[in-house]
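Okay, so here's the structure we're looking at.
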There are 2 protein chains.
Amino acid sequence: MSTLTPAGPAAAVSKSEQAYETLKERITSGSLVPGYRLVLSTIADELGFSVVPVREALRRLEAEGLVTFERNVGATVAGVDAMLYLHTMQTLSVIEGAATALAAPLITAEDITRARYLNRELRACLENFEPARFSRINNDFHAILYGHCPNPHILDLVHRGWNRLSAMRASTFDLVPGRARQSVEEHEKLLALIESGADLHEIEMAARAHRTATLNAYMAQQNQPPSAI
Amino acid sequence: MSTLTPAGPAAAVSKSEQAYETLKERITSGSLVPGYRLVLSTIADELGFSVVPVREALRRLEAEGLVTFERNVGATVAGVDAMLYLHTMQTLSVIEGAATALAAPLITAEDITRARYLNRELRACLENFEPARFSRINNDFHAILYGHCPNPHILDLVHRGWNRLSAMRASTFDLVPGRARQSVEEHEKLLALIESGADLHEIEMAARAHRTATLNAYMAQQNQPPSAI
DNA sequence: ATGTACGAAATCGTATACGATCCATCATGG
DNA sequence: CCATGATGGATCGTATACGATTTCGTACAT
């Protein structure tokens with residue numbers, strides 16, 4: 001159909017890319033709940049594409065762990081259970097710790113200032129009980145800390161981890177009430193560590209512990225053993 | 001063509017899967033050199049498939065970093081430069097360190113025995129100067145150490161890292177002559193650490209340092225600064 | 001009533017077709 | 001001689017078509 005529309009000034013991005021972005025947004029935003037069945041023809045019709053680019057988009061999402069694929073059956077939005085959450089958080093703790101350490105020497109004074117500002121906003125969210133906004137600002141805060149990581153592979157893995165997490169409702173701090181407040185305190189310590197030019201290994205372990213603590217709070221609530229590392 | 005062959009008893013694996021495996025094998029084995037142009041129609045003709053499954057396979061390989069894709073231009077086998085090697089090794093050092101630590105409590109006495117055997121084989125390779133065999137056995141050795149890692153995401157990332165490395169000729173120890181011998185020594189220490197039930201953090205850092213040392217030997221040879229972590 | 005066999009509908013996997021885009025080559029003008 | 005624009009071929013991106021497979025409902029036998 002689009003091929004019969006020569007008026008089109010050449011799509012800036014391919015349709016597979018568009019389908020990929022659209023679906024990723026819907027999954028990470030939670031408008032597509034885990035377990036939801038992603039039928040090729042349905043999605044294609046809705047987007048006005050053929051099934052081919054949609055198929056490719058689903059494959060990419062599968063590679064990132066946002067959907068699961070079963071041959072001759074189809075794709076579904078990846079579900080969440082305690083085990084998947086553990087594995088995702090554990091992986092992210094390792095990767096994000098390394099990314100934060102690698103980025104630390106490249107952090108500017110402006111970054112620190114902005115991070116401090118965001119952390120005050122986080123505190124305000126606690127007072128006003130705005131969990132959704134808390135999650136959003138929390139993302140921004142950490143993005144500042146690991147954003148300068150000079151290793152693109154590690155940075156990519158961090159982004160994938162965050163995407164997976166945001167696709168899980170368990171990622172919000174709703175489930176572990178007390179944790180959010182403690183998290184804000186740890187942010188301040190982490191900033192002080194980076195600001196003082198601490199040893200990279202120390203920064204890595206602090207960033208990792210910050211995430212592991214959230215994970216373990218959840219695991220304890222589920223009567224499960226904590227993460228081994 | 002296959003659709004006109006109803007005699008086919010239903011392929012056990014899809015053609016995209018076959019194309020993926022075939023191409024991955026060729027790239028990691030080095031029979032497709034970096035920079036090689038991967039033309040859809042050519043590959044499709046050679047495998048006897050249509051371009052659609054081949055296209056999907058290339059996309060998957062792109063997600064793993066084995067090929068690079070450029071819109072409306074095509075795919076090429078991912079090239080290697082010092083920077084890419086640094087990033088890949090650095091990522092793998094972090095991930096494999098974590099995987100080895102997580103797997104350590106699950107290592108059996110048989111695993112240790114087999115790892116010791118392989119390390120003796122590695123020593124023999126040094127004497128007889130068999131670099132190809134050394135690389136192969138080195139893979140097996142480490143696969144034993146991280147193989148029991150209970151976190152499938154981390155395990156998957158380790159495998160991807162090894163795949164990327166084996167696609168680089170720089171991964172062989174050819175380029176850093178003295179390193180192979182030292183590596184064998186470190187293997188023994190790593191085994192002793194795991195066997196003694198050492199702290200997981202200590203094991204993680206030893207496994208990471210083992211890889212970082214190889215990376216830094218290469219970096220020093222290239223007159224480049226060592227890895228920050 | 002329950003389990004099994006069969007058939008239809010839904011959906012996926014892949015082949016083919018063709019427009020869209022890029023790149024190299026060559027002609028043309030300065 | 002070099003810069004610039006036109007032209008053709010190579011290759012990609014996507015629509016459409018259809019066989020293959022799974023799934024689910026229904027009828028039948030036990």
Side-chain angles (χ1 to χ4, degrees), chain A residues 1-24 26-27 32 35-63 66-79, chain B residues 1-24 26-27 32 35-63 66-79:
Chain A
M1 137 189 176
S2 170
T3 56
L4 301 179
T5 314
V13 302
S14 69
K15 298 195 175 181
S16 5
E17 185 70 20
Q18 288 176 250
Y20 168 77
E21 292 296 341
T22 302
L23 289 173
K24 184 167 95 172
R26 288 191 192 172
I27 294 176
L32 285 179
Y36 187 90
R37 186 98 186 273
L38 297 165
V39 178
L40 283 175
S41 53
T42 307
I43 301 172
D45 285 350
E46 188 200 324
L47 296 178
F49 304 158
S50 92
V51 296
V52 179
V54 175
R55 185 181 164 78
E56 194 171 299
L58 287 178
R59 285 299 208 180
R60 286 179 62 187
L61 291 167
E62 183 199 18
L66 290 182
V67 312
T68 60
F69 222 90
E70 199 176 347
R71 172 163 160 93
N72 280 321
V73 173
T76 57
V77 178
Chain B
M1 138 187 175
S2 170
T3 56
L4 302 179
T5 314
V13 302
S14 69
K15 297 195 176 182
S16 6
E17 184 70 20
Q18 288 177 251
Y20 169 77
E21 292 295 342
T22 303
L23 289 172
K24 185 167 95 173
R26 288 191 193 175
I27 294 175
L32 286 179
Y36 187 91
R37 187 98 186 273
L38 297 165
V39 178
L40 283 175
S41 53
T42 307
I43 300 172
D45 285 350
E46 188 200 323
L47 296 178
F49 304 158
S50 91
V51 296
V52 180
V54 176
R55 184 180 164 78
E56 195 169 299
L58 287 179
R59 286 299 208 183
R60 287 179 62 188
L61 291 168
E62 183 199 17
L66 290 183
V67 312
T68 59
F69 221 90
E70 200 176 346
R71 174 167 158 87
N72 280 321
V73 173
T76 57
V77 177

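Every chain is numbered from 1, with letters handed out A, B, ... down the list of sequences. Note that the structure is a prediction, hence the values are computed from the model and not measured.
Rounded to whole angstrom, the span from the CZ atom of B:Arg59 across to the C1' atom of D:dC12 amounts to 10 Å. Distance, A:Glu70 CD to C:dT11 P: 15 Å, rounded to whole Å. D:dG19 atom P lies 15 Å from atom NZ of B:Lys15, rounded to whole Å. The CZ-C1' distance, from B:Phe49 to D:dG19, rounds to 17 Å in whole Å. Distance OH (A:Tyr20) to P (D:dG13): 17 Å, rounded to an integer number of Å. Distance CZ (B:Arg71) to P (D:dA10): 22 Å, rounded to an integer number of Å. In this structure, A:Leu40 places its CG atom 16 Å from P of D:dT22, rounding to the nearest Å. Atom CD of B:Glu56 and atom P of D:dC12 are 16 Å apart (whole Å).
Summary of the strand contacts: B:Val52 and B:Val73 both lie near DNA chain D, and taking for each the nucleotide with the nearest heavy atom, the more 5' one is attributed to B:Val73. Taking the nucleotide of DNA chain D with the nearest heavy atom to each of A:Asn72 and A:Pro53, the more 5' of the two is matched to A:Pro53.
Taking CD of A:Glu56 as the start and CG of A:Leu61 as the end, the distance is 11.0 Å to the nearest 0.5 Å. Considering CZ of B:Phe69 and CG of B:Leu38, their distance stands at 9.0 Å, rounded to 0.5 Å. Remark: B:Leu66 CG to B:Leu58 CG distance equals 11.0 Å, nearest 0.5 Å.
Closest to the A:Arg37 side chain, of the nucleotides C:dT16, C:dG13, C:dT11, is C:dT11.
Note on B:Ser50: every side-chain N or O is 4.0 Å or more away from OP1 and OP2 of C:dT14. The side chain of A:Ser16 places an N or O atom within less than 4.0 Å of a non-bridging phosphate oxygen (OP1 or OP2) of D:dT14.
Residues B:Thr22 and B:Arg26 have side chains in contact (heavy-atom distance under 4.5 Å, counting atoms from C-beta outward). Using a 4.5 Å heavy-atom threshold, the side chains of B:Val73 and B:Arg37 count as touching.
Nucleic acid contact class of B:Leu38 (heavy atoms, under 4.0 Å, all strands): sugar-phosphate only.
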